[in-house]
Amino acid sequence: MPVRLGSGESSPARAAALGDDGGIFRGSGGALTQIAREGALAPDGNGTFSAAAFDDPAINDAGQLAFTGFLTGTSGGAADNLGVFRGSGGALTQIARGGAAPPEGNGTFFSFGIPNLNDLGQVAFVGSLTGTSGASSDDTGIYIGTGSGLTKVAREGDPAHDGDGVFSSSAIQSEPAINNLGQVAFEADYTGNSGGTAEDNLILRGTNSSDLIDIAREGDSAPGGNGTLGSTFRGPAINDFGRAAFETSISGASGGSLDDERIFSGTGGSLTEIQREAEAAPDGNGVFNTTLSTAVSINNSNRVAFQADLRDTAGGSADD
């Protein structure tokens with residue numbers, strides 16, 4: 001069991017023994033604020049942050065950070081040595097913890113994906129579970145946490161949002177993005193649906209498992225009618241109006257493999273095309289090539305940022 005000190009902090013000697021050369025910090029050009037530090041006690045006192053403690057912090061406009069943290073000296077060993085935490089420079093808040101049950105029961109958490117958070121401090125994350133009734137068919141889900149409880153957004157084995165099929169064993173295909181309405185956007189996969197593999201990949205949005213809608217679905221017609229949405233979606237981002245931006249492959253495009261990747265945004269109705277492969281670059285030097293290797297971002301003015309490769313440029317590989 002870890003030593004618990006009255007102050008809630010580890011002593012210098014104990015910190016030195018454990019190691020304290022890693023941490024998460026926030027800064028804006030002046031003095032840095034320490035958010036979390038190796039060797040410090042977990043918020044619930046069960047273990048201390050380890051040398052490999054901190055991964056993938058996200059930050060909101062309130063200056064709060066969300067991150068996954070590894071712990072050592074926990075009561076459950078490997079069963080509870082990982083968690084999702086939030087902090088802004090004072091006491092940390094534990095959002096989710098290995099060894100704890102999800103809100104719907106059926107298993108316990110054992111690992112977590114990269115968390116994201118909104119300006120209200122709501123943290124969205126993918127949680128992997130062990131000891132579930134369905135083994136690998138129901139061992140992953142997306143959850144939202146505030147520190148006082150978790151809400152399930154989607155889980156493998158749950159019914160599809162439209163009742164046609166279920167979330168498949170490879171259901172959760174991306175880390176969730178969350179906006180200030182508490183809406184989460186993510187990529188998912190269904191099985192047992194009437195359209196089979198021709199329509200089983202989607203971009204979904206919702207605040208919980210009962211209000212999910214599809215933003216885009218494999219097999220839907222692309223805007224302008226040139227092809228249909230393909231089976232590969234990438235990394236949705238979402239703004240505070242519920243508009244999600246994403247990249248996708250296109251099937252049946254007139255240009256074949258030279259015209260089969262595009263970026264769209266949408267709110268659940270028609271899609272808006274942001275960029276397409278084979279479209280001319282803004283300066284006229286070349287045309288867009290692949291975009292599927294990078295993520296997208298969207299702001300509240302519905303502007304979408306992305307990285308892309310170009311082809312047929314004047315400088316070849318020097319300006320592509």
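Basis for what follows: all heavy atoms, side chains included, without hydrogens, waters or symmetry-related copies.
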Is a side-chain donor-acceptor pair under 3.5 Å present for Thr313 with Asp319? yes
Between Glu187 and Phe233, the two heavy atoms sitting closest are OE1-O, 2.9 Å
Could you measure the distance from the OG1 atom of Thr228 to the CD atom of Glu218? Nearest 0.5 Å is fine. 8.0 Å
Indicate yes or no: does Asp259 engage Arg276 in a salt bridge with an N to O separation below 4.0 Å. yes
Side-chain touch Ile35/Arg86, heavy atoms, less than 4.5 angstrom: no
Kindly say whether Glu277 contributes a backbone atom to a donor-acceptor pair with the side chain of Glu261 at under 3.5 angstrom? no
Atom pairs and distances, side-chain donor-acceptor, residues 176-186, under 3.5 Å, sequence neighbours left out:
residue : atom : partner : partner atom : Å
Asn179  : OD1  : Leu181  : N            : 3.0
Asn179  : OD1  : Gly182  : N            : 3.2
Asn179  : OD1  : Gln183  : N            : 2.8
Asn179  : ND2  : Gln183  : OE1          : 2.8
Asn179  : ND2  : Asn239  : O            : 2.8
Asn180  : OD1  : Asp119  : N            : 2.7
Asn180  : ND2  : Asp119  : OD2          : 3.1
Asn180  : ND2  : Asp240  : OD2          : 3.0

Report the C-alpha separation of Glu175 and Val126 in whole Å, then their side-chain angles, then the decisive distance to 0.1 Å, and conclude whether the side-chain contact (heavy atoms from CB on, under 4.5 Å) test is met. CA-CA 6 Å; Glu175 302 298 340; Val126 173; 3.8 Å; yes
Is there a side-chain contact between Phe246 and Thr248, using heavy atoms and a 4.5 Å cut-off? yes
Taking Asp44 first and then Arg97, would you say they form a salt bridge - that is, a charged N and a carboxylate O separated by under 4.0 Å? yes
State yes or no: do Val123 and Val153 share one hydrophobic cluster built from I, L, V, M, F, W and Y residues joined by side-chain heavy-atom distances below 4.5 Å, directly or via other members? no
Are Val84 and Leu41 grouped together when hydrophobic residues (ILVMFWY) are joined by side-chain heavy atoms under 4.5 angstrom apart? no
Considering all heavy atoms, the nearest Ala222-Arg262 contact: CB-NH1, 3.5 Å
Rounded distance (nearest 0.5 Å) linking atom OG1 of Thr72 with atom CD of Glu38: 10.0 Å
How far apart are the closest heavy atoms of Phe49 and Ala42, and which atoms are they? CE1-CA, 4.2 Å
Kindly work out whether a path of hydrophobic side-chain contacts (I/L/V/M/F/W/Y, heavy atoms less than 4.5 Å apart) joins Leu92 to Leu150. no
For a 4.5 angstrom cut-off between non-hydrogen side-chain atoms, does Arg217 reach Asn201? no
Answer whether the closest heavy-atom distance between the side chains of Phe112 and Ser128 falls below 4.5 Å. no
Heavy-atom closest contact (Pro102 atom, Tyr143 atom, distance): CB-OH, 3.6 Å
Test side chain to side chain donor-acceptor pair (under 3.5 Å) applied to Ser194 and Asp164, step by step: CA-CA 7 Å; Ser194 58; Asp164 184 16; 2.8 Å; yes
Main-chain N/O of Gly195 paired with Glu199 side-chain donor or acceptor, under 3.5 Å: yes
What about Ile238 and Ile213, same hydrophobic cluster or not, with Ile/Leu/Val/Met/Phe/Trp/Tyr joined at side-chain heavy-atom distances under 4.5 Å? no
Kindly give the heavy-atom pair with the smallest separation between Phe85 and Gln94, and that separation in Å. CE2-OE1, 3.6 Å
Which value, rounded to the nearest 0.5 Å, describes the distance between Leu212 atom CG and Ile142 atom CD1? 9.0 Å
Report the C-alpha distance between Asn46 and Ser75 in whole Å, list the side-chain angles of each, state the deciding distance to 0.1 Å, and finish with yes or no for side chain to side chain donor-acceptor pair (under 3.5 Å). CA-CA 7 Å; Asn46 180 17; Ser75 59; 3.3 Å; yes
Salt bridge (charged side-chain N to carboxylate O under 4.0 Å, His left out) partners for Arg155, two or more places apart: Glu104
Take Thr197 and Ser231 through the side-chain contact (heavy atoms from CB on, under 4.5 Å) test and state the conclusion after the steps. CA-CA 8 Å; Thr197 58; Ser231 61; over 6 Å; no
Does any part of the side chain of Arg205, heavy atoms only, come nearer than 4.5 Å to the side chain of Asp214, both counted from C-beta? no
Are the side chains of Ile298 and Arg243 in contact, using a 4.5 Å heavy-atom criterion? yes
Given side-chain contact (heavy atoms from CB on, under 4.5 Å), test Thr48 with Leu71 step by step and report yes or no. CA-CA 5 Å; Thr48 55; Leu71 299 144; 5.7 Å; no
Rounded to the nearest 0.5 Å, what separates atom CG in Leu202 from atom CD1 in Ile215? 10.5 Å
How long is the straight-line distance from CD1 of Ile144 back to CG of Asn208, given to the nearest 0.5 Å? 7.5 Å
Any donor-acceptor pair under 3.5 Å linking the side chain of Asp200 with the backbone of Thr191? no
Taking C-beta and beyond as the side chain, do Phe288 and Leu310 meet within less than 4.5 Å on heavy atoms? yes
Output yes when a side-chain donor or acceptor of Asp158 lies under 3.5 Å from a complementary backbone atom of Ala154, and no otherwise. no
Joint cluster assignment, Leu82 & Leu129, ILVMFWY side-chain distance < 4.5 Å: yes
Side-chain donor-acceptor distances from residues 57-70 under 3.5 Å, at least two apart:
residue : atom : partner : partner atom : Å
Asn60   : OD1  : Ala62   : N            : 3.0
Asn60   : OD1  : Gly63   : N            : 3.1
Asn60   : OD1  : Gln64   : N            : 2.8
Asn60   : ND2  : Gln64   : OE1          : 2.9
Asn60   : ND2  : Asn118  : O            : 2.8

Rounded at 0.5 Å granularity, tell me how far CG in Asp312 sits from CG in Asp320. 10.5 Å
Looking only at heavy atoms, the pair that brings Ser254 and Asn226 closest together is N-OD1, 2.8 Å
So, do Ser249 and Asp260 sit near enough that their side-chain heavy atoms are less than 4.5 Å apart? no
Please step through side-chain contact (heavy atoms from CB on, under 4.5 Å) for the pair Phe125 and Ile95, ending with a clear verdict. CA-CA 10 Å; Phe125 62 92; Ile95 302 297; 4.1 Å; yes
Report the C-alpha separation of Asn81 and Thr74 in whole Å, then their side-chain angles, then the decisive distance to 0.1 Å, and conclude whether the side chain to side chain donor-acceptor pair (under 3.5 Å) test is met. CA-CA 6 Å; Asn81 68 348; Thr74 62; 5.8 Å; no
Assess the side chains of Thr132 and Asp139: does a donor N or O sit below 3.5 Å from an acceptor N or O? no
